[in-house]
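Have a look at the structure below, then the notes.
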Number of protein chains: 2
Amino acid sequence: MVFAESIQKKFPGFEAALTEQMELDAKFRQIPAGTELMRPGQFIRSTMLVLDGLVKVYREDGEGNEFFMYYLKPGDGCALSMTCMVGQETSNIAAKTVQDSEIIMVPLEKMDAWMNQYKSWYHFVVKTYRDRFEELLQTLDSVAFRNMDERLEFYLKRHYKTLGSKIIPITHQEIAQELNSSREVISRLLKKMAERGKVKLNRYNIEILDL
Amino acid sequence: MVFAESIQKKFPGFEAALTEQMELDAKFRQIPAGTELMRPGQFIRSTMLVLDGLVKVYREDGEGNEFFMYYLKPGDGCALSMTCMVGQETSNIAAKTVQDSEIIMVPLEKMDAWMNQYKSWYHFVVKTYRDRFEELLQTLDSVAFRNMDERLEFYLKRHYKTLGSKIIPITHQEIAQELNSSREVISRLLKKMAERGKVKLNRYNIEILDL
DNA sequence: TTTTACCAGTGATATAAGTCACTGTATCAG
DNA sequence: CTGATACAGTGACTTATATCACTGGTAAAA
């Protein structure tokens with residue numbers, strides 16, 4: 001029951017019967033930072049819930065472009081793996097741990113069955129869909145309507161919120177990749193932001209002063 | 001029972017009990033082309049299923065920008081209104097009929113209740129989510145990774161598939177709006193496509209020759 | 001018929017972003 | 001200590017897209 005209890009802590013909405021069911025049917029995994037959980041084109045057989053750590057979900061096309069979508073924090077579930085249920089589609093989605101993480105893997109068959117059985121699971125899935133949808137729309141907005149400087153600000157704010165720290169440990173190169181831009185462009189824009197006192201640039205990290 | 005039967009025709013997956021339930025709880029609406037079904041910031045109390053016609057779903061920000069997301073054809077449901085269940089969010093989504101349409105409005109309370117009661121409804125909702133998610137991701141891809149010429153091709157192909165006709169009745173101005181570009185740019189790109197024999201440009205419509 | 005409104009074509013120019021080439025500077029391995 | 005490597009800064013240039021200003025044509029309204 002130790003497992004069920006730790007789920008309860010991160011997912012307070014879940015009813016007891018559900019967490020016990022999970023103890024039976026789901027798998028608990030400890031995963032080090034930097035591990036790829038999902039590769040584009042991969043066949044998906046289970047959905048995941050994040051107990052601890054941080055998982056980055058991003059989009060990749062065939063030509064080496066990539067694109068940040070959102071983070072999964074403790075208490076979050078992956079809407080994408082839920083939709084991939086049919087297992088047919090080769091959605092170009094990748095997921096990677098950015099911190100050492102604890103993940104619950106739920107087989108997709110169970111996921112469907114639980115929907116009828118456990119109200120709290122049903123609500124969780126629906127809420128997950130809704131939140132990710134909303135987040136995706138916001139991302140789409142920023143790409144479609146905003147210039148790179150605004151997108152960069154948006155990106156930093158998001159990291160700040162997710163990490164809960166004003167110091168964001170990331171290189172310009174990484175940002176460029178996630179925004180599908182180039183390092184030089186990001187460097188220059190960051191410099192402008194620094195001049196306006198919005199951030200402080202250090203080697204290997206960016207400190208948020210005022211956004 | 002006429003109503004239930006016509007639903008059955010467009011949504012062959014629905015079980016009889018469900019279509020009869022709909023006859024009781026849902027509202028049937030005839031809506032002329034060009035009607036706004038959803039305004040950004042509007043409070044949403046029901047989800048909709050398209051029986052006939054064509055509905056355009058698009059994104060709008062505050063500054064007059066808009067952005068095409070997808071079409072709803074007969075047999076489709078609106079994933080967005082399903083997610084908006086909580087009615088809290090003011091998602092900047094707009095929907096408009098592009099043809100005279102017949103729509104079923106399902107109160108959001110029912111929608112939730114039916115999930116347990118009718119398997120076919122459950123599958124329909126899940127499939128709707130999945131399809132829209134996928135479509136949204138494709139849109140995001142094209143905006144993030146592609147240049148305007150590729151996006152334009154993608155856009156025309158999509159319309160071709162949806163409309164089922166090689167003649168797409170649309171002005172350059174409208175395309176520009178939906179791709180968040182400008183008329184002149186679209187005109188020039190279309191001209192290039194015409195030179196390569198991919199399309200034929202007419203006044204008020206574009207004819208697809210080879211995509 | 002005349003007028004008005006909308007659609008489309010096009011050159012000139014402006015701007016944001018991407019690319020290339022190079023420099024300096026920390027950090028780490030040998 | 002010495003290369004080697006990755007991060008970061010920067011000027012010069014290219015390219016895609018946006019914007020401006022104008023033209024002409026068609027179609028419907030007056």
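All chains are named by letter (A, B, ...) in the order of the sequence lines, taking the proteins before the strands, and each is independently numbered beginning at 1.
- We find that CZ of B:Arg151 is positioned 15 Å from P of D:dA16, with the value rounded to whole Å.
- Among D:dT10, C:dG18, D:dC20, the nucleotide with an atom closest to any side-chain atom of B:Glu184 is D:dC20.
- Separating the CE atom of B:Met148 from the C1' atom of C:dG18 is a distance of 16 Å, rounded to the nearest angstrom.
- Between B:Lys56 and B:Glu178, some side-chain heavy-atom pair lies under the 4.5 Å cut-off.
- The separation between A:Gln173 atom CD and D:dG9 atom C1' is 14 Å, rounded to whole Å.
- Between A:Lys191 and D:dG9 there is no side-chain N or O to OP1 or OP2 distance below 4.0 Å.
- Here the side chain of B:Arg203 is nearest to one of C:dC7, C:dT19, D:dA8, namely C:dC7.
- Side chain of B:Arg188, nearest nucleotide from C:dA8, C:dA12, C:dC20: C:dA12.
- For the pair A:Leu201 CG and C:dA26 C1', the computed distance is 16 Å after rounding to whole Å.
- The aromatic rings of A:Phe14 and A:Phe11 sit parallel to each other, their planes meeting at less than 30°, with 60° as the upper class boundary.
- Rounded to an integer number of Å, the gap from A:Ile170 CD1 to D:dA6 P is 18 Å.
- Counting distance only, with no hydrogens placed and no angle test, the side-chain atoms of B:Arg146 and the base atoms of D:dT17 include no donor-acceptor pair under 3.5 Å.
- Note: NE2 (B:His172) to P (D:dG25) measures 17 Å, nearest angstrom.
- Put simply, B:Ser181 has a side-chain N or O that comes within less than 4.0 Å of OP1 or OP2 on D:dA18.
- Side-chain proximity of A:Ser182 to C:dT27, C:dG18, C:dG9: nearest is C:dG18.
- Between the CZ atom of B:Arg183 and the P atom of C:dT10 there is a distance of 11 Å, given to the nearest Å.
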